[in-house]
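Shown next, in structure tokens, is the structure this report addresses.
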Amino acid sequence: MKNTTLLFVCILIFLFACHTPRPHSGPAAQGWEMVDEILKHISEPVFPDTTFHVMEYGARDDSTFDSRPALLEAINACNLAGGGKVVVPAGTYLIKGPLVLKSHVNLHLQEGARLEFSAEPNDYLPMVLTKWEGTECYNYSPFIYSYQCVNVAITGKGAIDGNGAAVFNTWKPLEKPGMDRLRQMGNDSVPVYERVFGEGWYLRPCMIQFYGCKNVMVEGVSIYDSPFWIIHPVFCDNVIVRGVCIDGHNYNNDGCDPESSTNVLIENVDFNVGDDGIAIKSGRDQDGWRIGQATENVIIRNCRFAQWAITIGSEMSGGVRNVFIEDCQIDSCRNGIYFKSNLDRGGFFENLHMRRISANICHWGVINFRTDYHGYRGGNYPTRFRNITIEDVTCNRVDSVAILANGVPEAKLYDITLRNIEVKQAPKATQMQNIVNLILDNVRVNGKLITQENE
């Protein structure tokens, strides 16, 4: 009897230990000092010195001649030779369809080179496996696409023009049936191979997508007039976006959307876009849970945002953790630092650190935690917000509420620290509720110190 009782007690102790939450012991628990550790896992892809000049494969500096076959042949030859640099010299090149990058290929656009992509949707068929607003499907190919490659890059001082305004931007009012169908398929866990869209569904392709790639870099180029999201790394590891100029004002022209990716560095990028400058994502609702891959270990620094700024969400159901953002400038935007989710999403935001952010005008708020983002479909899957520190932020003017931090009873905000925040002019200082362990340290709006008592 004694042995049986002892065994039962031991089993109870074991089960309790297994199910008791333990303190987070990973890198992000240490804060800013982990940036150096993350950077050890981020490095530029390395390529052989071999060069492949596209003119030797039949490309022409001629906006009426399709140079796509020549570029694809050069890319293929580079890959078969073990890698190197595919060089596009100064000139204008018509590209009638997607460029598919392969492993160990650096597509290098020399200064004065311009890739002009076709505005004809059928040029981007056949369909490929892609992600559309956080849900996997088969759809029109992204204009530059790389699937499960290693060591792949787009570099140089040249330009990429998507000509998205001509046709694809007109699809926005037509997309709802396809969008609703895809989202329902994701919620119903329909097999991905059955999620076939393309012609007649009006789901716009993105500009540049790396899908399941390792060692990725986009550096130096200028990107214009995208049909949809602009730089979209999906399921990638070791990603660098550096020194890029992005100018796109069509619907949903997000600048850079790392999704379910790890070890990401975005630095010295100039964003002038028609939607979120940077939006960190990890899948939408059930489709994000099915895959369950978080976006983590992200560093964003020294970026400028002309119109829209920094967003985390809303398609973040796989979770977002270990994000470090510093030394960024915002000219004019809706929300400066924007967290967005709703009760469909689930997932988590944890271990996010931001500092030294300077904003001129933020129409809706310089900091906004939003847990009731639009598109709610009736779920009850609260998102966990935990361990978020924002400090050394200045803003000249907000046209609504300076700081919004609104949890809901099902999705409270935990361990939020706002330190050294100054908003010089705003009609209302704060709107805050359902927060556990909120720290306001030297937060000033309209010259007045804000405390939890007067919020």
Side-chain angles (χ1 to χ4, degrees), residues 223 226 228-232 241-259 264-281 295 298-316 320 323-341 349 352-371 373-374 385 388-406 416 418 420-426 430-431 443 445:
I223 306 171
S226 171
F228 193 56
W229 293 3
I230 299 173
I231 300 175
H232 187 199
V241 180
R242 174 191 292 144
V244 177
C245 177
I246 300 177
D247 192 323
H249 303 275
N250 297 322
Y251 292 115
N252 306 108
N253 266 186
D254 292 17
C256 184
D257 292 38
E259 181 168 0
V264 178
L265 173 63
I266 304 171
E267 64 179 354
N268 304 320
V269 178
D270 195 330
F271 294 96
N272 185 9
V273 292
D275 210 322
D276 298 321
I278 296 172
I280 300 173
K281 301 178 181 291
T295 291
V298 179
I299 298 170
I300 299 167
R301 59 192 185 188
N302 300 312
C303 292
R304 174 182 169 268
F305 302 88
Q307 296 190 69
W308 295 65
I310 304 164
T311 297
I312 300 175
S314 73
E315 300 89 354
M316 40 54 64
V320 174
V323 177
F324 299 86
I325 302 173
E326 62 181 337
D327 299 316
C328 291
Q329 175 187 336
I330 301 166
D331 293 347
S332 176
C333 65
R334 292 187 181 180
N335 293 284
I337 301 165
Y338 193 18
F339 302 83
K340 54 186 183 182
S341 182
F349 297 140
L352 310 178
H353 304 271
M354 306 183 188
R355 66 185 179 186
R356 299 194 298 267
I357 309 295
S358 172
N360 184 23
I361 300 172
C362 298
H363 296 291
W364 292 358
V366 67
I367 299 169
N368 188 351
F369 292 84
R370 185 174 178 186
T371 52
Y373 190 66
H374 67 75
F385 293 77
I388 297 171
T389 299
I390 302 173
E391 55 190 338
D392 301 325
V393 175
T394 61
C395 179
N396 288 328
R397 192 186 93 202
V398 170
D399 294 336
S400 182
V401 182
I403 300 170
L404 299 98
N406 293 313
I416 308 298
L418 305 180
N420 299 332
I421 313 292
E422 181 179 10
V423 179
K424 294 180 180 178
Q425 179 183 341
T430 63
Q431 181 180 310
V443 176
V445 180

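All heavy atoms count here, side chains included; hydrogens, waters and symmetry mates do not.
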(message) Closer than 3.5 angstrom, by distance alone: can the side chain of Asp275 be matched with the main-chain N or O of Trp308 as a donor-acceptor pair?
(response) no
(request) Inspect the contact between Arg355 and Glu391 and indicate whether a charged nitrogen and a carboxylate oxygen are less than 4.0 angstrom apart. (result) no
(request) Start with the C-alpha distance between Thr311 and Asn335, add both sets of side-chain angles, then the distance that settles side-chain contact (heavy atoms from CB on, under 4.5 Å), and finish with yes or no. (result) CA-CA 8 Å; Thr311 297; Asn335 293 284; over 6 Å; no
(request) Mind listing the closest non-hydrogen atom pair of Val273 and Gly255 along with its distance? (result) CG1-CA, 4.1 Å
(message) Can you tell me how the ring of Phe305 sits relative to the ring of Phe271, calling it parallel under 30°, perpendicular over 60° and tilted otherwise?
(response) parallel
(message) Looking at Tyr251, I want to see if its OH is surrounded by more than 12 non-hydrogen atoms of other residues, nucleotides or ligands under 6.0 Å.
(response) no
(request) Please examine the side chains of Arg301 and Leu265, heavy atoms only from C-beta on, and report whether any two atoms are closer than 4.5 Å. (result) yes
(message) To the nearest 0.5 Å, what is the distance between OG on Ser314 and NE2 on His374?
(response) 7.0 Å
(message) Is there a side-chain contact between Ile266 and Pro258 in this structure, where contact means two heavy atoms from C-beta onward sitting under 4.5 Å apart?
(response) yes
(request) For Val445 and Ala426, work out which heavy atoms get closest and say how close. (result) CG1-CB, 4.0 Å
(message) Could you tell me if the side chain of Phe339 sits less than 4.5 Å from the side chain of Val320, heavy atoms only?
(response) no
(message) Quiz question: by atom type and distance under 3.5 Å, do the side chains of Asn360 and Asn396 form a donor-acceptor pair?
(response) yes
(message) Measuring only between side-chain heavy atoms, which start at C-beta, is Ser341 closer than 4.5 Å to Thr371?
(response) no
(message) Just verifying a value: how many Å separate Lys424 NZ and Thr394 OG1, rounded to the nearest 0.5 Å?
(response) 7.0 Å
(request) Classify the side-chain pair Asn420/Glu422 by whether it contains a donor and acceptor separated by less than 3.5 Å. (result) no
(request) Find out whether Trp364 and Leu404 are in side-chain contact, i.e. whether some heavy atom of one side chain is under 4.5 Å from a heavy atom of the other. (result) no
(message) If you compare all heavy atoms of Asp257 against all heavy atoms of His232, which two are closest, and at what distance to 0.1 Å?
(response) O-CD2, 3.1 Å
(message) How close do Cys328 and Ile300 get, counting heavy atoms only, and between which atoms?
(response) SG-CG2, 4.3 Å
(message) Whether Arg304 and Asp270 form a salt bridge (side-chain N of Lys/Arg under 4.0 Å from carboxylate O of Asp/Glu) is what I want to check.
(response) yes
(message) Can you see whether His363 engages Asp399 through a side-chain donor-acceptor pair at a distance of less than 3.5 angstrom?
(response) yes
(request) Determine yes or no for a side-chain-to-main-chain donor-acceptor pair under 3.5 angstrom, with Asp254 supplying the side chain and Trp229 the backbone. (result) no
(request) Drop me the distance from Ile421's CD1 to Ile357's CD1, to the nearest 0.5 angstrom. (result) 9.5 Å
(message) Any salt bridge linking Asp276 with Lys281? Criterion: basic side-chain nitrogen under 4.0 Å from a carboxylate oxygen.
(response) no
(message) Give me the atom names and distance for the closest heavy-atom approach of Asn268 to Cys303.
(response) N-SG, 3.9 Å
(message) Under 4.0 Å between a side-chain nitrogen and a carboxylate oxygen: does that hold for Asp327 and Arg356?
(response) yes
(message) Is there a side-chain contact between Asn272 and His249 in this structure, where contact means two heavy atoms from C-beta onward sitting under 4.5 Å apart?
(response) yes
(message) Are Val366 and Ile337 packed together at the side-chain level, in the sense that at least one heavy-atom pair is separated by less than 4.5 angstrom?
(response) no
(request) Over all heavy atoms of both residues, which pair between Phe349 and Lys340 is shortest? Give the atoms and the distance, please. (result) CZ-O, 3.8 Å
(request) With rounding to the nearest 0.5 Å, note down the distance linking CD1 in Ile367 to CG in Leu418. (result) 5.0 Å
(request) Nearest 0.5 Å please: distance from the CD atom of Glu259 over to the OG1 atom of Thr295. (result) 7.0 Å
(request) Quick one: pull up CD1 in Ile390 and CD1 in Ile416 and give me the separation to the nearest 0.5 Å. (result) 7.5 Å
